[in-house]
Amino acid sequence: MCHHCVSWALPPGASRRSFAQFLAAGAGLTVLTACTPEAPKAVAPSASAPSVTSAGPSPTVAESTTAAAGPPSQAPVPPSAAASLPGQFSLTDPASPWVVVNKHRPLQPPDYAPADLVQPNVPLAVSGEASLLNSTTAAAAEAMFAAAARDGVTIVLASGYRSYATQVTTYNGYVAARGQADADTASARPGYSEHQTGWAFDIGDGGGACGFQPCFADQPAAVWAKANGHRFGFVVRYPWMFHPITGYYYEPWHLRYIGVGAATDMANRGINTVEEYFGLEAAPGYA
């Protein structure tokens, strides 16, 4: 999810966009991906291409999306499976481990910034804001990375927190270059980025292979995190073939902290997305 932290793993000319192109090939689908290279150089914007004004902290990394061709038909939203857990948390408060951010659920306030950002003591592939997480996520990441290391697997933090201001800058670059309609297929609107909460981050493999590419799913770090992440409170936020619900194609590198109880309960029940687990509607495109 970051344009300045992928060079450690990608071959020349490759980018996270290649993952989306790979998935869409032959499928006749408009690609959705929560990750993109940096925004294109701006050209003179048209009168129909509005921009967004920054109200947030300093920039770091950008997140991008591509809207689905059209929302699929939806079954009625089931009751929340999480209701059975002894502890309950807000689904709207960005300081809550259960906050759900997707194309139907922007952050409130949109320029939210965590008050407790820290740099976890884990292997890093980035610096600055991108190396930060909120304190709860950071502690859980330290425990998870250490457990993986004991099993002989090196996990690297490839992209953590990114600010509202970054989304403004990147999104406006796409709007200026392409117009708003096309920008919405390439860049997340400001205030809709899960990374802004500090509860989410991207991982890389210690060997540097397949960073932000389809083959990352088969790397030791991804395999280990998918099998064991729930023990530390993490889920793979955008699982394979659930883009009609999450709004994003498979990202085996994108982990989200929701707490050990909820993550383990999701794993035990075989529930794949937080939208389903918390009884929320699907969000394939902006509401």
Side-chain angles (χ1 to χ4, degrees), residues 1 32 34 52-57 63-65 67 71 74-117 132-140 160-168 171 184 187-201 230 233-239 242-248 251 254-266 269 271-287:
M1 286 190 180
L32 299 82
V52 180
T53 301
S54 175
E63 178 180 355
S64 70
T65 71
Q74 272 182 236
V77 175
S80 171
S84 63
L85 295 184
Q88 297 292 304
F89 299 92
S90 171
L91 302 182
T92 57
D93 181 355
S96 163
W98 286 7
V99 65
V100 179
V101 183
N102 60 32
K103 293 177 180 178
H104 288 188
R105 300 173 62 89
L107 285 166
Q108 297 294 337
D111 61 347
Y112 171 78
D116 60 341
L117 290 171
L132 304 179
L133 303 169
N134 70 37
S135 59
T136 301
T137 306
Y161 171 72
R162 75 281 307 271
S163 69
Y164 176 88
T166 296
Q167 290 303 119
V168 169
Y171 182 78
D184 280 340
S187 178
R189 296 177 184 179
Y192 287 82
S193 170
E194 189 175 67
H195 278 257
Q196 189 180 326
T197 66
W199 295 112
F201 59 88
H230 64 278
F234 294 102
V235 296
V236 176
R237 178 65 176 91
Y238 306 121
F242 281 86
H243 51 279
I245 294 175
T246 66
Y248 300 97
E251 291 190 7
H254 182 105
L255 303 184
R256 165 63 198 274
Y257 183 86
I258 60 171
V260 174
T264 301
D265 193 39
M266 275 185 66
R269 292 170 181 260
I271 299 174
N272 292 282
T273 71
V274 299
E275 283 82 5
E276 294 169 294
Y277 184 63
F278 293 121
L280 301 174
E281 66 180 1
Y286 290 107

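All of these numbers come straight from a predicted model, not from anything done at the bench.
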Under the side-chain contact (heavy atoms from CB on, under 4.5 Å) rule, collect the residues that match up with [X], sequence neighbours excluded.
X	value
Ala139	none
Leu117	Pro114, Leu132, Tyr161
Asn272	Pro239, Phe242, Glu276

Whether Thr197 side chain and Pro94 backbone form a donor-acceptor pair below 3.5 Å: no
Thr264 side chain to Val260 backbone, donor-acceptor under 3.5 Å: yes
According to side chain to side chain donor-acceptor pair (under 3.5 Å), who are the partners of [X], at least two apart in sequence or on a separate chain?
X	answer
Asp93	none
Thr136	none
Thr92	Ser90

Any side-chain heavy atom of [X] within less than 4.5 Å of one from [Y]?
X	Y	answer
Tyr164	Pro110	yes
Gln196	Val101	no
Leu91	Leu280	yes
Val236	Leu255	yes

Test item: side-chain donor near acceptor, Arg269 and Ser84, under 3.5 Å: yes
Aromatic ring pairing Trp98/Phe278, orientation class (parallel under 30°, perpendicular over 60°, tilted between): tilted
Near-ring test His243/Tyr248, centroid separation under 6.0 angstrom: no
From NZ (Lys103) to OH (Tyr192), nearest 0.5 Å: 11.0 Å
Gap between atom OG1 of Thr246 and atom NE2 of His254 - 0.5 Å precision: 9.5 Å
Non-hydrogen atoms of [X] and [Y] that approach each other most closely:
X	Y	answer
Thr137	Gly198	OG1-O, 3.2 Å
Ser135	Asp116	OG-OD2, 2.6 Å
Ala282	His104	O-CE1, 3.2 Å
Ala263	Val235	CB-CG1, 3.9 Å

Arg237 with Glu251: basic N within carboxylate O range, under 4.0 Å: no
Side chain to side chain contact (heavy atoms under 4.5 Å, CB included) evaluation trace for Val100 with Glu194: CA-CA 8 Å; Val100 179; Glu194 189 175 67; over 6 Å; no
Salt bridge (charged side-chain N to carboxylate O under 4.0 Å, His left out) partners of Arg105, counting only residues at least two apart: none
Val274 vs Met266, side chain to side chain contact (heavy atoms under 4.5 Å, CB included): CA-CA, chis, key distance, verdict: CA-CA 8 Å; Val274 299; Met266 275 185 66; 4.3 Å; yes
ring-ring contact (aromatic ring centres under 6.0 Å, His included) partners of Tyr257, counting only residues at least two apart: Trp199, Phe234
Stepwise side chain to side chain contact (heavy atoms under 4.5 Å, CB included) check, Gln167 with Arg189: CA-CA 7 Å; Gln167 290 303 119; Arg189 296 177 184 179; over 6 Å; no
Test log, rule side chain to side chain contact (heavy atoms under 4.5 Å, CB included), inputs His230 and Ile258: CA-CA 9 Å; His230 64 278; Ile258 60 171; over 6 Å; no
